[in-house]
Trainee: 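Right, I'll just put the structure down here and ask away after.
Counting starts at 1 for both ligands and their atoms, following the listed order. Just so you know, these numbers use all the heavy atoms, side chains as well, and skip hydrogens, waters and symmetry mates.
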Amino acid sequence: MKVDSAKICLIFREMADFLSIKGENPFRVRAYERTAETLEHLPGDLEELHRGGRLADIPGIGKGMLEKIDTILNTGRLPAHEKLKAEIPEGVRELLFIPEIGPKTVKLLHGTAKVANISDLEQFVKSGKLRDLPGMGAKTEENILRGIRLYRTSRARILLGKALPIVEEIVAELKNKASTWIERISPAGSLRRGKETIGDIDILVSSANSHPIMDAFVQLSPVEEVLAKGETKSSILTRQGLQMDLRVVLPDSFGAALQYFTGSKPHNINLRERAIKRGLKINEYGVFTQSGEKLGGKEEEEVYNLLDLPLIPPELREDRGEVEVAEAGKLPKLLENPEIKGDLHVHTQASDGTASIEDLIEKAKEKGYEYIAICDHSSSLRIGGGLSEKMLLAQIREIRNINCHLTDFQLLAGSEVDIKKDGSLDYPDDILKQLDIVVAALHTGFKQDEKTITDRVVKALQNPFVRIFAHPTGRLLGEREPYAIDLDKVLEVAKDKGIWLEINAQPQRLDLTDVWVMEAKKRGVKLAINTDAHNLQGLDLMTFGVVTARRGWLESSDVINTVPLEDLLKNLR
Ligand SMILES: [Zn+2]
Ligand SMILES: [Zn+2]
């Protein structure tokens with residue numbers, strides 16, 4: 001059986017947590033933590049390294065741990081882990097999912113205060129009893145309550161960036177195993193609309209024979225549990241904890257079903273009302289007359305056309321005026337991936353990235369780019385490995401040198417310059433002016449009030465060298481709420497100063513959000529879609545930024561990094 005390394009890391013992490021909750025020897029706890037850390041950063045495939053006997057050479061994995069890895073690889077389980085897991089009630093284990101709470105706090109809460117689950121915890125904090133425990137105060141109370149809120153909103157949903165690869169894997173395997181029977185296959189639901197987080201996943205297949213497809217579906221390798229198996233619909237739970245529903249429909253209903261199950265609900269209600277006004281009925285099987293005659297449903301486009309509309313792209317189906325705009329023939333020509341010509345916010349090993357400049361160039365060229373901007377962190381950002389002035393000047397020289405040898409591609413010397421507490425920038429102007437592009441960003445002081453944060457940003461954006469304001473709200477989905485910032489005001493200043501706002505393509509950020517992207521476009525503010533890549537694969541995240549841009553109705557002319565190099569340089573001068 002194939003056990004993926006993420007699962008093994010999870011087992012070791014949980015072992016550390018569970019032992020710590022039980023108050024076991026801290027050295028034992030630490031041994032599991034170290035092993036998990038090491039496994040998370042292996043120079044290759046875990047299973048291959050193990051089979052080749054090379055795992056023993058890697059520091060941080062002791063002999064006892066090697067045996068445990070062997071057991072998990074061979075059986076998919078670790079008995080000691082299952083035993084501990086059974087000893088600690090599920091509600092107590094769940095406390096670990098609250099961002100502010102570690103195993104030591106769980107031990108304290110459970111052992112001393114008899115808190116047995118998240119609801120208990122919430123009551124306990126609200127009753128003011130938490131602050132009587134050692135090391136707890138008003139600040140902790142606030143943080144824990146916020147953590148509970150975040151956990152509750154994120155639990156049922158998974159990031160688009162996590163869901164998409166899982167779905168692609170499943171679709172590919174299903175296509176492979178049931179190719180004879182599958183006519184067409186497509187994801188539907190919020191995934192197809194490109195929402196930033198996804199609940200359950202819907203996959204739609206058209207076929208005249210559902211049995212062999214359902215048989216194959218419930219036996220796919222990512223299946224952890226089969227929740228239901230039926231003729232037209234089956235549901236599974238993947239080993240990543242994601243529920244996935246497969247529906248098989250007849251080919252002449254595929255378009256109608258795809259439309260119906262893609263949603264959104266408000267968009268579909270809008271369409272249904274349109275149908276009624278035209279004396280028609282619309283459902284997942286097709287479009288019908290009142291007397292029940294079927295007018296269409298094989299293609300999604302037919303459904304829209306029968307309602308006197310052009311096909312509306314899935315990303316727009318949020319009931320934000322798309323039906324009216326479609327009716328008027330004014331749908332935007334949405335941005336497409338190949339229109340992106342470069343990436344204006346990329347990190348290297350010089351700060352907290354792992355890729356070399358050379359590797360980044362090669363990968364960017366493969367993607368058909370004409371330019372990337374190297375934007376490592378600035379000096380005061382210690383945790384981000386910020387560059388001192390001297391290091392930055394050396395990097396600028398290095399970039400100019402490399403550019404001498406490049407044809408049809410150019411590196412831009414840039415920096416992700418920290419906006420300091422007083423709104424000043426982290427390098428003096430005589431350094432900034434030597435850069436091709438300055439990306440300003442907030443990384444500290446997230447708890448300041450709205451006026452303080454907005455004033456800081458507004459002051460920074462007045463600096464004549466700043467061109468991009470990165471990840472404007474600082475949110476991390478499921479982990480950190482946006483800081484308090486008056487985006488209205490920021491847009492006003494951005495428009496005035498010709499600043500480009502970033503759509504940060506990291507799946508956990510997607511910042512700006514679709515709704516604010518729409519607003520920026522309305523105000524005539526241009527966007528830059530950047531990956532903020534910290535490794536080579538990071539450059540591939542661009543697609544999530546493009547999806548967000550599409551959900552914000554952007555066309556290529558709204559996005560600065562769709563222009564060719566020459567025009568970009570003109571813009572930067
Ligand atoms: Zn940043
Ligand atoms: Zn960055």
Trainee: Have a look at H443 and say which of its N, O or S atoms is nearest the Zn ion (ligand 1).
Mentor: NE2
Trainee: When you measure from the side chain of E339 to the backbone N and O of T562, does any donor-acceptor pair fall under 3.5 Å?
Mentor: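 Side chain of E339 to backbone of T562: no pair is present.
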Trainee: Checking one value in my table: which N/O/S atom of E416 lies closest to the Zn ion (ligand 2)?
Mentor: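 Going by distance to the Zn ion (ligand 2), the closest N, O or S atom in E416 is OE1.
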Trainee: Would you mind naming the N, O or S atom of D532 nearest to the Zn ion (ligand 2)?
Mentor: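 For D532, the N, O or S atom at the smallest distance from the Zn ion (ligand 2) is OD1.
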Trainee: Report the distance from atom CD1 of I340 to atom CG of N337, rounding to the nearest 0.5 Å.
Mentor: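 Those atoms lie 7.0 Å apart.
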Trainee: Is it true that, when you exclude E566 itself, more than 12 heavy atoms of the residues, nucleotides or ligands shown sit nearer than 6.0 Å to its CD?
Mentor: no
Trainee: Could you check whether any side-chain heavy atom of L160 comes within less than 4.5 Å of a side-chain heavy atom of K195, counting everything from C-beta outward?
Mentor: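 A side-chain contact under 4.5 Å is absent here.
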Trainee: Taking both backbone and side chain into account, is any N, O or S atom of H347 nearer than 2.8 Å to the Zn ion (ligand 2)?
Mentor: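 True for H347.
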Trainee: If I take atom CH2 from residue W553 and atom NZ from residue K333, how far apart are they, to the nearest 0.5 angstrom?
Mentor: 16.0 Å
Trainee: Is it true that some N/O/S atom of H377, main chain or side chain, lies under 2.8 Å from the Zn ion (ligand 1)?
Mentor: no
Trainee: Specify whether an N/O/S atom of H534 falls short of 2.8 Å from the Zn ion (ligand 2).
Mentor: no
